[in-house]
J.: 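Attaching a single structure in structure tokens format; questions to follow.
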Amino acid sequence: MSAALFPLFADLRGRAVRVVGGGAVAERKVEALLHAGALPRIGAPELTPRLAQWAAEGRVQWDLGTFIPDWLEQVWLVIAATDDHAVNRAVADEAEARRLLANVVDDAELSSFQVPAIVERGELQIAISSGGHAPMVARHIRRQLETLLDASWGELVALLGRQRARIRARFPEMGERRRFFEQLLAGAVPRLLRQRQNDAAEAELQRALSLAPNAPSIGTVTLVGAGPGDAGLLTLNALRAMNEADVILHDRLVSAEVLAMARRDATRIEVGKSAKGHSTHQDDIHALMLEHARAGKRVVRLKGGDPFVFGRGGEELEILKAHGVPFEVVPGITAALACAAYSGIPLTHRDHAQAVRLVTAHCKDSLDTLDWQALAQERQTLAVYMGVAGLETFRDKLIAHGRAPTIPFALVENGSRREQRVVTGTLADLPETARAFDVRSPALLILGEVTALAHTLHWYGAAPLTAPAHASNAAAHTLSRAA
Ligand code: SAH
């Protein structure tokens with residue numbers, strides 16, 4: 001087994017580094033060197049336009065010509081970035097003789113140092129190396145880390161850098177200091193930085209420094225939109241929150257696929273509610289959130305779709321606010337947007353609909369209080385979040401208020417999920433069609449001219465199902481399940 005590389009971060013500010021080559025690869029290396037404050041000296045017969053510009057501006061030095069050993073005088077490092085193997089080898093040999101570290105781009109064999117793949121957040125840098133064996137693997141991991149770490153990490157490092165002396169003075173003992181940092185990193189300071197409240201973060205750090213060590217800290221609740229089911233529709237912020245959670249309180253609507261993305265040792269608690277059987281009362285959900293937050297836990301309250309669209313997210317935040325529990329909100333892709341996209345129905349369209357309304361018709365009460373006049377207006381799309389129960393009333397009221405019985409609809413069942421079904425028809429036959437195809441919750445009703453486009457624009461799963469007009473229940477039923 002070969003020995004491992006020794007990782008190091010070099011301070012190249014004001015130090016000369018030789019770059020042999022003037023092409024696109026050399027340009028990238030020179031750019032990185034400039035970023036680190038180094039003084040690049042390029043040796044090459046010609047330069048890319050950008051390199052030439054930097055040379056003209058005096059930001060880099062340029063020696064015109066082909067490689068000569070003299071180019072390695074008075075430099076700290078050398079990078080060979082030519083496409084001529086013989087030149088690269090000559091540079092490497094000459095560097096070796098002078099005990100200079102040399103990197104030959106894409107040639108681990110000839111290199112005495114490697115340039116890692118980098119994730120950078122301010123002064124926080126994460127370097128990844130495969131020892132030159134598989135640069136693609138390093139780059140792949142780099143991309144994964146890029147999605148994992150948001151920009152606030154850079155701010156955190158800067159803040160802690162500014163307070164470094166104070167922190168050391170306050171906790172001179174190493175073990176104590178480590179515990180302080182562990183608490184700090186799990187606490188309010190990183191959250192406030194994520195929330196772009198840098199002054200509050202600074203104040204919170206000062207406060208933590210003035211407290212007794214290990215004073216209990218309160219947890220937080222992050223209200224996270226889990227989207228409609230397809231885990232690919234989670235946001236990066238949702239993923240990050242789920243990665244850090246101690247406790248996840250999730251609705252029944254949240255798909256198993258999404259839950260599988262959460263940190264493995266997070267405690268998962270289903271607080272499922274269905275339209276009929278309220279299995280967990282809203283007050284109990286509030287109590288659970290408060291209990292875990294007070295125990296110092298990072299709680300994720302995971303809701304289907306978006307937490308602020310028919311999700312009672314507002315109520316939950318009001319409770320948290322009243323009890324002084326800090327919170328964050330991560331929006332999610334709401335069912336209307338997902339179901340529309342996954343069934344090929346543009347919710348607005350210049351020819352058909354200039355407005356879209358999100359409506360809920362979950363219970364009898366909501367059906368009674370809707371503004372039917374407004375809902376029956378033409379040239380708009382309705383996205384109706386509902387149990388499949390109220391369809392009859394829905395159709396009757398809309399038609400009574402003037403919406404044409406021939407307006408097409410689409411019922412999207414299990415939108416964005418593997419089992420997605422799209423059932424189409426016209427308003428006149430809405431409840432019968434839903435029954436005939438045995439549409440079940442969760443399903444979203446989309447009503448409006450735009451839904452006709454599902455027949456041409458569908459791209460996900462099976463083509464939309466259509467019942468023949470006025471089909472008898474029995475006939476349509478055979479149609480649907482036979483497919
Ligand atoms: N906050 C959620 C909505 C909660 S209300 C959101 O933003 O999506 C629950 C209703 O949402 C369901 O009755 C159904 O009408 C709709 N819904 C949620 N997920 C759905 C899905 N994957 N497919 C179809 N409808 C869905």
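This chain uses plain numbering: 1 for the first residue, then up along the sequence. First listed ligand is number 1; within each ligand, the first listed atom is number 1. None of the values given here were measured: they were computed from a predicted structure.
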J.: Quick one about Thr406 and Thr426 (side-chain donor to acceptor, distance below 3.5 Å, no hydrogens or angles considered), yes or no?
T.: no

J.: Is it the case that the side chains of His35 and Glu31 hold a donor-acceptor pair, with the cut-off being a distance below 3.5 Å and no angle test?
T.: no

J.: Salt bridge check, Arg162 against Glu155: does any charged N sit closer than 4.0 Å to a carboxylate O?
T.: no

J.: Just jot down the ligand 1 atoms closer than 4.0 angstrom to any heavy atom of Thr334, in number order.
T.: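 Counting atoms of ligand 1 from 1, those under 4.0 Å from Thr334 are 6 (C), 7 (O), 8 (O).
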
J.: So is Gly415 polar-close to ligand 1, meaning N/O to N/O under 3.5 Å?
T.: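 By distance alone, the answer is yes.
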
J.: Could you tell me which atoms of ligand 1, counted from 1 in the order shown, lie closer than 4.0 angstrom to a heavy atom of Pro228?
T.: 22 (N)

J.: Could you tell me whether ligand 1 has any atom less than 4.0 Å away from a heavy atom of Cys339?
T.: yes

J.: Could you tell me whether the side chains of Asn237 and Thr235 share a donor-acceptor contact shorter than 3.5 Å?
T.: no

J.: Only heavy atoms of Ala335, strictly under 4.0 Å: list the atoms of ligand 1 that pass.
T.: 6 (C), 7 (O), 8 (O), 16 (C), 17 (N), 18 (C), 19 (N), 20 (C), 26 (C)

J.: Any atoms of ligand 1 less than 4.0 Å from a non-hydrogen atom of Leu444? List them with their elements.
T.: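 Answer for ligand 1: 24 (C), 25 (N).
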
J.: I'd like the name of whichever of Tyr385, Phe308, Phe310, Tyr342 reaches closest to atom 11 (O) of ligand 1 through any heavy atom.
T.: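 That would be Tyr385.
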
J.: What atoms of ligand 1 come within less than 4.0 Å of a heavy atom belonging to Val412?
T.: 24 (C)

J.: Output, in order, the C-alpha distance, side-chain angles, deciding distance and verdict of side-chain contact (heavy atoms from CB on, under 4.5 Å) for Leu223 and Phe308.
T.: CA-CA 9 Å; Leu223 199 57; Phe308 280 179; 3.9 Å; yes

J.: When you check the side-chain N and O atoms of Gln114 and Ser129, is any donor under 3.5 Å from an acceptor?
T.: no

J.: Is it true that the side chains of Arg240 and Asn243 contain a donor and an acceptor less than 3.5 Å apart?
T.: no

J.: Closer than 4.0 Å to some heavy atom of Leu253 - which atoms of ligand 1 meet that?
T.: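 Checking each atom against Leu253, I get 9 (C), 18 (C).
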
J.: Where do Leu391 and Leu445 land on the side-chain contact (heavy atoms from CB on, under 4.5 Å) test, with the steps shown first?
T.: CA-CA 9 Å; Leu391 292 176; Leu445 168 66; 4.3 Å; yes

J.: Thinking salt bridges, do Arg178 and Glu173 make one under a 4.0 Å N-O criterion?
T.: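 No salt bridge links Arg178 with Glu173.
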
J.: Tell me whether Ser441 has any N or O atom under 3.5 angstrom from an N or O of ligand 1.
T.: no

J.: Under 4.0 Å from a heavy atom of Asn414: which atoms of ligand 1 are those, numbered in the order shown and with their elements?
T.: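 So the atoms of ligand 1 that pass are 22 (N), 23 (N).
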
J.: Between Ala443 and ligand 1, is there a nitrogen or oxygen pair with a distance under 3.5 Å?
T.: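 Indeed, backbone or side chain, Ala443 has an N or O that close.
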
J.: For ligand 1, which atoms, with element, lie under 4.0 Å from some heavy atom of Val309?
T.: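 What qualifies from ligand 1 is 1 (N), 2 (C), 3 (C), 6 (C), 7 (O).
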
